[in-house]
Amino acid sequence: IGFDAFGIHSENYALAVGTNPAQLIPRNIDTFRRQLRRFGGMFDWRHELSTTDPAYYKWTQWLFLQLFKANLAYKKRAAVNWCPKDKTVLANEQVINGRCERCDTPVEQRLLDQWFFRITDYAERLLRNLDAVDWSESTLALQRNWIGRSEGAELVFKTPAGQAITVFTTRPDTVFGATYLVLAPEHPLVETLTAGEQRATVRAYQREVQARDVVARRVGEKVKTGVFLGSYARNPATGESIPVWIADYVLMEYGTGAIMAVPAHDDRDHEFATQFRLPIRQAVNVAGEALPSVSEDGVLVNSGQFDGLSCREGAKRIVAWLAEQHVATPKVQYRIHDWCISRQRYWGPPIPIIYCDRCGPVPVPERDLPVLLPPIEDFRPDDSGVSPLARHTEWYNVPCPQCGGAGRRETDVSDTFLDSSWYYLRYPSTEFADRPFDPARTKTWLPVTSYIGGNEHAVLHLLYSRFITMVLKDQGHLAFEEPFPKLRAHGLIVKDGAKMSKSRGNVVIPDAYIKQWGADTFRMYLMFLGPFQEGGDFRDEGITGVRRFLEKVWTLAHEAAGPEPHGQGDALPEAVERKLHQTVRKVTGDTASLNYNTAIAAMMEYVNVIREHGAGTRNAVRPLVLLLAPYAPHLAEELWTVLGGGGGSVFDERWPAYDERLAQAGDVEIAVQVNGKLRARLQLPRGASQDDVVTRALADAGVKKFVDGNPVKKIVYVQDRLVNLVV
RNA sequence: GCUCGGGUGGCGGAACGGCAGACGCGCUGGCCUUAGGAGCCAGUGCCCGCAAGGGCGUGGGAGUUCGAGUCUCCCCCCGAGCACCA
């Protein structure tokens, strides 16, 4: 078990209540521990960890150093969301409709130097491996979506002065229709491509875009804006001179930060061209009607020697043709970006780098880890745009580890997703102070047998963990590269049809329910109210059914423990014995496949059968208590003792076995259909022959009526289940 | 717009292509009670019918099949994720 309490959310909470997180977090963890124990959660508390513990984050910093050494960590200037009122960096999730979630101030973007991990180097592997893992389809889809692979080509458009503008396109087949180019406003070529008379206009537009925040730029107004640079480039396919623009619908972060615009075949380009009256080379059919945009199953027209080819074939040939002229390269592009791990905050592990004027960025030697987060009072972020740690010269002024000269610590801390990207590797090895994870322990326990989490982790946590595991494998620290070969996402428990949230006030606090109903009732109700992987609606009324069930079990066990009216050790009535074996079979399977709701329903059915037959004997109830143990551990443990147990805990007992023959014994009910409609039911011994069943069926009055003397044309017989007479 | 889930009684939800609605909540009637917000028994998809019985039913429409909630195609609605990704 572990607790992950670094990060902006913990820090913001600490700021809100005015207490240093270093004091606050241990108190909150105590509460979690108490709730988890009270709930009946069974964890190996000997192997507890906390990501805020220096003994843990020492190895988080070690992890950073491994990536740094492998050239998978680098620093670059990147935009962050900045709230000018709160004077702080915001995560994307903290920006709501372009405004700060706390003070509603419009958010701006600021450019800061930040540390990144080259997760994009692993994009192909992260995507490919998904074919081989046992994960739920929904999670796979989210992750594939996030990685966002696109196949296409990079094409080069040259200016008269010989400058090359490289664009990425998934539709090289449409290059003959490219009538202008658009660069992202931040594109490095903008400066040199801007004509003198356009300089002021371009500058103004760049400033306007920069004032907008990162989120609003992406999801905000869809009205297209942009300006002409005053220069031209040559379409490599047609040789035409076409104008070069900048517009913020082109993003510097994707592809090359530049596109060829094909207004006839791309809706966005079409909108832009219409708005700025740019030429649209509309493709038409023989009747002169405009052809639809986007379509990938069309045939090339207005494309010189490539006319008549399918789009797919045309794309291939055109790229090959342009490649001969060195102006095209086939290219696979990914949506995923490198992982920015810098946080200009206090509450996280300091990034273990020391800057030296002579040596540049120098990694902290491993023997000097951990770089301790200093206990400071003024941890509130300020308007400087740097971490609060940057106010503490006594902390950041250190000698350079390489040359001994004056050095300065990195004052940013790392993303909390880095903390959680490797915790499962630490779990079995918590007692080792001199290594992050012990090889022998790791071999025994990892990779994770069965990983369960919410879909909110489908992209970030799961992607980062997979990436880190791959890196560690490539460096020889691990023998596997997928940390979670089997993963299931639990659903969300909602309340009153909505996600629980403090602001909405529809929160279920476990303590109150446990007090009223008991821990076993509460946890079992959570399992019963819907399919585990879909979640469900928590309604107070539903909980009584589970409570009543557990009371019935309690009563049965105490009656069975008393003097036996039917005599101890007696065989169970046949119907009860059969149901027992069916129940063990069902609960065993459903528990393994996480179908907890139907496992509980099966136990309820079994209790109903015992009660119908007045068969509440030890032989009937003891196996039930074993089945119940993972679901209602407190009650099961007590009832096991009441029933004489084996002298020890119910959890030391073997899981009950079932006998397939006994589960199947007895009569079966066979459905009789006439022309596919149910007309009768027959009680027959299991294994009856088709002839017997048909004879019995035709003798049935209800069946006769619908056969009505007609010849039976066809008989469909499913052993022990159904017969269908087609007349 | 793209990608995933979903759509079944009054409600939460069950159903290897083979008896739709298991289990639970709620509701109705009865028993027991000074009492019932406890417990026990019976009933409870909708329509017709005193009943026996019959008809109709898994968002809508087509199809495959002896047989479709389940498979195929088209459409509608709800939820989630991504989203000016070229």
Side-chain angles (χ1 to χ4, degrees), chain A residues 136-146 148-150 152 167-171 174 178 182 184 217-224 247-251 253-262 265-269 271-272 294 333-337 455-456 458-459 489 491-492 494 497 499 525 528-531 533-546 548-549 551-552 555 586 595 597-608 611 669-682 702 705 713-727:
Chain A
S136 34
E137 199 48 50
S138 57
T139 315
L140 287 173
L142 287 170
Q143 194 144 124
R144 289 195 178 109
N145 231 323
W146 188 267
R149 184 180 195 275
S150 296
V167 306
F168 173 72
T169 177
T170 54
R171 297 292 305 276
T174 64
V182 188
R217 167 123 177 240
R218 284 207 290 258
V219 292
E221 298 289 308
K222 301 282 162 120
V223 177
K224 300 246 176 328
D248 77 342
Y249 82 93
V250 174
L251 308 172
E253 312 92 76
Y254 187 76
T256 61
I259 63 157
M260 64 174 197
V262 186
H265 292 288
D266 183 282
D267 293 337
R268 297 154 303 186
D269 296 343
E271 192 190 324
F272 189 80
V294 186
Q333 194 58 243
Y334 299 91
R335 206 195 66 93
I336 189 175
H337 297 134
N455 251 339
E456 71 272 21
V459 280
L492 200 63
V494 298
K499 191 173 168 177
Y525 175 57
F528 184 61
L529 63 76
Q533 299 190 50
E534 287 169 34
D537 199 15
F538 189 102
R539 295 168 312 126
D540 287 1
E541 313 90 72
I543 203 169
T544 56
V546 172
R548 288 208 272 254
F549 165 71
E551 280 172 2
K552 284 175 192 167
T555 306
K586 176 84 174 152
N595 294 116
N597 56 333
T598 49
I600 292 168
M603 288 188 270
M604 288 173 167
E605 282 186 55
Y606 179 54
V607 164
N608 291 344
R611 284 158 56 90
E669 195 179 69
I670 296 178
V672 181
Q673 297 178 337
V674 179
N675 291 338
K677 290 214 173 214
L678 179 71
R679 295 304 177 186
R681 290 171 179 152
L682 298 175
K705 191 165 108 190
K713 283 187 285 200
K714 181 171 180 180
I715 295 167
V716 180
Y717 181 65
V718 183
Q719 181 76 52
D720 295 333
R721 292 192 73 97
L722 164 143
V723 63
N724 186 13
L725 306 172
V726 184
V727 297

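Being a predicted model, the structure only gives us computed values, none of them experimental. Just so we're on the same page: letters track the sequence lines, and every chain starts at 1.
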What integer number of Å spans the [atom1] atoms of [N] and [M]?
N	M	atom1	answer
C2(B)	A15(B)	P	32 Å
G60(B)	U3(B)	C1'	24 Å
G1(B)	U8(B)	P	25 Å
G9(B)	G57(B)	C1'	10 Å
C56(B)	C76(B)	C1'	23 Å
G10(B)	G79(B)	C1'	23 Å
U65(B)	U72(B)	P	16 Å
G7(B)	G59(B)	P	7 Å

Assigned partner base of [N], Watson-Crick or wobble definition, under 3.5 Å:
N	answer
C31(B)	G39(B)
G45(B)	C56(B)
A14(B)	none
C71(B)	G63(B)
C82(B)	G1(B)

Yes or no on side chain to side chain contact (heavy atoms under 4.5 Å, CB included) for T169(A) and M260(A), after CA distance, side-chain angles and deciding distance? CA-CA 8 Å; T169(A) 177; M260(A) 64 174 197; 3.8 Å; yes
Taking the side chain of [X] as its heavy atoms from C-beta onward, which of [options] lies nearest to it?
X	options	value
R539(A)	C19(B), G24(B), U3(B)	G24(B)
T598(A)	C66(B), A14(B), G81(B)	A14(B)
V726(A)	G26(B), C66(B), C82(B)	C66(B)
A141(A)	A86(B), C4(B), A14(B)	C4(B)
E137(A)	A86(B), C4(B), G26(B)	C4(B)
P531(A)	C84(B), C23(B), A14(B)	A14(B)
E605(A)	C19(B), C23(B), C41(B)	C23(B)

[X] side chain N/O closer than 4.0 Å to the phosphate oxygens (OP1, OP2) of [N]?
X	N	result
N608(A)	G24(B)	yes
R335(A)	A83(B)	yes
R548(A)	G26(B)	yes
R679(A)	G55(B)	yes
K705(A)	A52(B)	no

In whole Å, I'd like the distance from the [atom1] atom of [X] to the [atom2] atom of [N].
X	N	atom1	atom2	answer
H337(A)	A83(B)	NE2	C1'	12 Å
D537(A)	G79(B)	CG	P	14 Å
D267(A)	C2(B)	CG	P	11 Å
I259(A)	A86(B)	CD1	C1'	5 Å
D248(A)	C84(B)	CG	P	10 Å
R611(A)	G39(B)	CZ	C1'	9 Å
E253(A)	A86(B)	CD	P	14 Å
L678(A)	G21(B)	CG	P	10 Å

When we call it a touch if two heavy atoms are under 4.0 Å apart, what does [X] touch: a base, just sugar-phosphate, or nothing?
X	answer
K677(A)	sugar-phosphate
V718(A)	base
F528(A)	base
S150(A)	sugar-phosphate
R144(A)	nothing
N597(A)	sugar-phosphate
Q333(A)	nothing
L722(A)	base
Q673(A)	base
R149(A)	nothing

Does any part of the side chain of I715(A), heavy atoms only, come nearer than 4.5 Å to the side chain of L725(A), both counted from C-beta? yes
Is it true that a side-chain atom of N675(A) and a backbone atom of V727(A) form a donor plus acceptor pair closer than 3.5 Å?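 Yes, N675(A) side chain to V727(A) backbone: donor-acceptor pair under 3.5 Å.
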Using atom types as modelled and distance alone, determine if a side-chain donor or acceptor of Y525(A) lies under 3.5 Å from a backbone N or O of D540(A).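 Side chain of Y525(A) to backbone of D540(A), a donor-acceptor pair under 3.5 Å: no, none is there.
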Classify the side chain of N724(A) and the base of C66(B) as holding, or not holding, a donor-acceptor pair under 3.5 Å.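 Donor-acceptor pair under 3.5 Å: yes.
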If you go through the side-chain atoms of K224(A), does one of them form a donor-acceptor pair with the base of C84(B) closer than 3.5 Å?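 Pair found.
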[X] versus [Y], closest heavy-atom pair with distance:
X	Y	result
N455(A)	S138(A)	ND2-OG, 3.5 Å
Q143(A)	A458(A)	NE2-O, 2.6 Å
R335(A)	Y254(A)	CA-CE1, 3.8 Å

Syn/anti label of G9(B) as read from its glycosidic torsion, with the cut at 90° from 0: syn
Could you tell me the separation between the [atom1] atom of [X] and the [atom2] atom of [Y], rounded to the nearest 0.5 Å?
X	Y	atom1	atom2	result
K224(A)	Y249(A)	NZ	OH	7.0 Å
K552(A)	M604(A)	NZ	CE	8.0 Å
T139(A)	R144(A)	OG1	CZ	11.0 Å

Toward the 5' end of RNA chain B, which comes first, N675(A) or K586(A), by nearest nucleotide? K586(A)
5' precedence on RNA chain B between G702(A) and S138(A) (nearest-nucleotide basis): S138(A)
